[in-house]
Amino acid sequence: MNNLNCLDALCARFPTAFVWGVASSAFQIEGAAAADGKGPSIWDEFCRRQGVIVDGSDGEIACDHYNRLESDLDLIAALGIRAYRFSISWPRIQPTGSGAINESGLDFYNRLVDQLLQRDIEPFATLYHWDLPAALQREHNGWADRNTAYRFAEYAAIVAKRLGDRVRSFATHNEPWVTATIGHEFGHFAPGVKDRAVATQVSHNCLLSHGLASQAIRSARSNADVGIVVNLSPVSSATQSPADRLQASREDGLLVRWYLDALLRREYPADVLEYLGTDAPKTHAGDAQLIAQPLDFLGVNYYHPIVSTVARPFSPARDGAAVTDMGWEVAPAQFTEMLLRLDREYELPPLFITENGAAYRDTLIEGGIQDEDRRAYIESHVCAVADAIERGVDVRGYFVWSLLDNFEWASGYTKRFGIYYVDYATQARILKRSGIWYKNLAAAFNRTHAGASSLPTTP
Ligand code: IFM
């Protein structure tokens, strides 16, 4: 089979309404950290601490997307991709996290949505991708304080009222495990707290805020599709030793079951609560019901499996496995297995793969990037999704992480995930080989599903 026939065969494995998209997040690409009344976020402040970002960088300029909005959206249109997942910066909308709307900040997202629709690209908005208004952290203890969940619901209502006439899909949080555990237990991400009890309280308050925000969005816009995005990895034990197997099961409990049981079964897993002991979160009567609001979709971000031992918890690769530049194991078959497991164990809403992609070192050779490793990663994971769909899992869409190389949190600008290369000195964007492949995939999909409706459908 030649390349085109291969792509056609791959596309034929997906339903006609399947959504192909690209994803980004506000802090990682926008820059313009203090423009037009935006307040500082916890990441703006975190980046100022010595030694927390490997290259000492920050998000002040990033990809300068705030000032290059239209030409960046042209990049999506040039791919023939019809869906864009972006996040909204809370401190652009409410600079201190509560109170009056900063109209110029909101206007940026108004333009973003309008410009997407003009290009026939469907907006998929995420309300929180880690950039909490710094004032909420400084003055109110951030997500550790239950009141932040209520502030978040107010912000969600503002966004739903103002953008919900044109945006149908709203995800409340991106990867609450990262907010809670990496931000408040490991301390590697903002706000840099290292306290397990605080982290579990944060995870509960984030989930609570998801429930409250879902209600607020639906009362503002009854036709909105509301969901949440979780980062999931299959966890296995590196050895058969009872201690390592128990460790693996605990990590699965903390990363996967904690979130899915709360969202889909109205409870936290008993074994995890027992393991946490006095570090378990303080909850109120009725919280479980609030958290488990009906979901129109569940967003799944998948990058790699986890292999664990007591000595090396949460390890992202087996010894000797093929890894990306993040040190994350490349394991598409485990992606399929994980989707099948979710389908077996939970009453799932439709799934969207809201992030998947890989960091590799890119070298500019004669003006081009031959990132065959990233292309192969994306292709193998798209195939893994097709396998899951064929085995009965209701997956409705796939978003590549990421549209552009960007600020990779504590790794600064040292890791590149984009299908467009960004030359940070000039802000030039260059389509990589992986991007050309994705563009060809979108074209093949349109060809093999010709006659389908022009806009992707959400559940
Ligand atoms: O860049 C991040 C993104 O912000 C959240 N999900 C994982 C990506 C790669 O680390």
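Within the structure, ring pair (Phe, Tyr, Trp, His ring centres under 6.0 Å) contacts touching residues 263-283 (residues at least two apart or in different chains) are H204-Y268, W258-Y268.
When atom types are taken as modelled, the side chain of T336 and the backbone of A384 share a donor-acceptor pair closer than 3.5 angstrom. No donor-acceptor pair closer than 3.5 Å links the side chain of K282 to the backbone N or O of Q201. With hydrogens and angles disregarded, a donor-acceptor distance shorter than 3.5 Å links the side chain of N205 to the backbone of W143. Of the possible polar contacts, none joining the S315 side chain to the R312 backbone as a donor-acceptor pair under 3.5 Å is found.
Taken to the nearest 0.5 Å, the OG atom of S402 stands 7.0 Å off from the CD1 atom of I29.
At a threshold of 4.0 Å, the pair R416-E408 does not count as salt-bridged, since none of the basic side-chain nitrogens sits closer than that to a carboxylate oxygen. A salt bridge does not link D72 with R68: every distance from a Lys NZ or Arg NE/NH1/NH2 to an Asp or Glu carboxylate oxygen is 4.0 Å or more. R396 and D394 are joined by a salt bridge, as a carboxylate oxygen and a charged side-chain nitrogen come within less than 4.0 angstrom of each other. A salt bridge is absent between D343 and R391: the closest approach of a Lys/Arg side-chain nitrogen to an acidic carboxylate oxygen does not fall below 4.0 angstrom. With salt bridges taken as basic N to acidic carboxylate O contacts below 4.0 Å, none links R48 and D58. Electrostatic pairing of D252 and R341 counts as a salt bridge here, judged by a charged N lying under 4.0 Å from a carboxylate O. Note on R85 versus E355: salt bridge recorded, some NZ/NE/NH1/NH2 to OD/OE distance being below 4.0 Å. Salt bridge annotation for R166-E122: absent, with no cationic side-chain nitrogen under 4.0 angstrom from a carboxylate oxygen. A salt bridge links K38 with D44: the distance from a Lys NZ or Arg NE/NH1/NH2 to an Asp or Glu carboxylate oxygen falls below 4.0 Å. R151 and D145 are not joined by a salt bridge, as no carboxylate oxygen comes within less than 4.0 angstrom of a charged side-chain nitrogen. A salt bridge links R218 to D296: at least one charged side-chain nitrogen sits closer than 4.0 Å to a carboxylate oxygen. Salt-bridge check for K415 with D325: passed, with a basic side-chain N closer than 4.0 Å to an acidic carboxylate O.
Using cut-offs of 30° and 60° for the angle between ring planes, the F27 and F407 rings count as perpendicular. Between F417 and Y303, the angle of the ring planes goes over 60°, which puts this pair in the perpendicular group of the 30/60° scheme.
Residues Y413 and Y424 bring their aromatic ring centres within 6.0 Å. Within the 6.0 Å centre-distance limit, the rings of W90 and F152 are counted as a close aromatic pair. Ring-centre distance between Y66 and F108: below the 6.0 Å cut-off. Between Y84 and F124, the gap from one ring centroid to the other reaches at least 6.0 Å. A centroid separation of less than 6.0 Å is found between the aromatic rings of W130 and F189. Taking the ring centroids of H129 and F86, they lie at or beyond the 6.0 Å cut-off. Checked against the 6.0 Å centroid criterion, the rings of W20 and F14 qualify as a close aromatic pair.
A cation-pi arrangement is not found for R429 relative to Y421, the charged atom failing to lie both closer than 6.0 Å to the ring centre and inside a 45° cone about the ring normal. A cation-pi arrangement is present between R265 and Y346, with the terminal nitrogen or guanidinium carbon under 6.0 Å from the aromatic centre and inside a 45° cone about the axis.
A 6.0 Å sphere centred on CD of Q289 holds more than 12 heavy atoms belonging to other residues, nucleotides or ligands. Within a 6.0 Å radius of CD1 in I61, no more than 12 heavy atoms belonging to other residues, nucleotides or ligands are found.
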Ring pair (Phe, Tyr, Trp, His ring centres under 6.0 Å) assessment of W177 paired with F314:
CA-CA 13 Å; W177 180 86; F314 286 109; 5.5 Å; yes
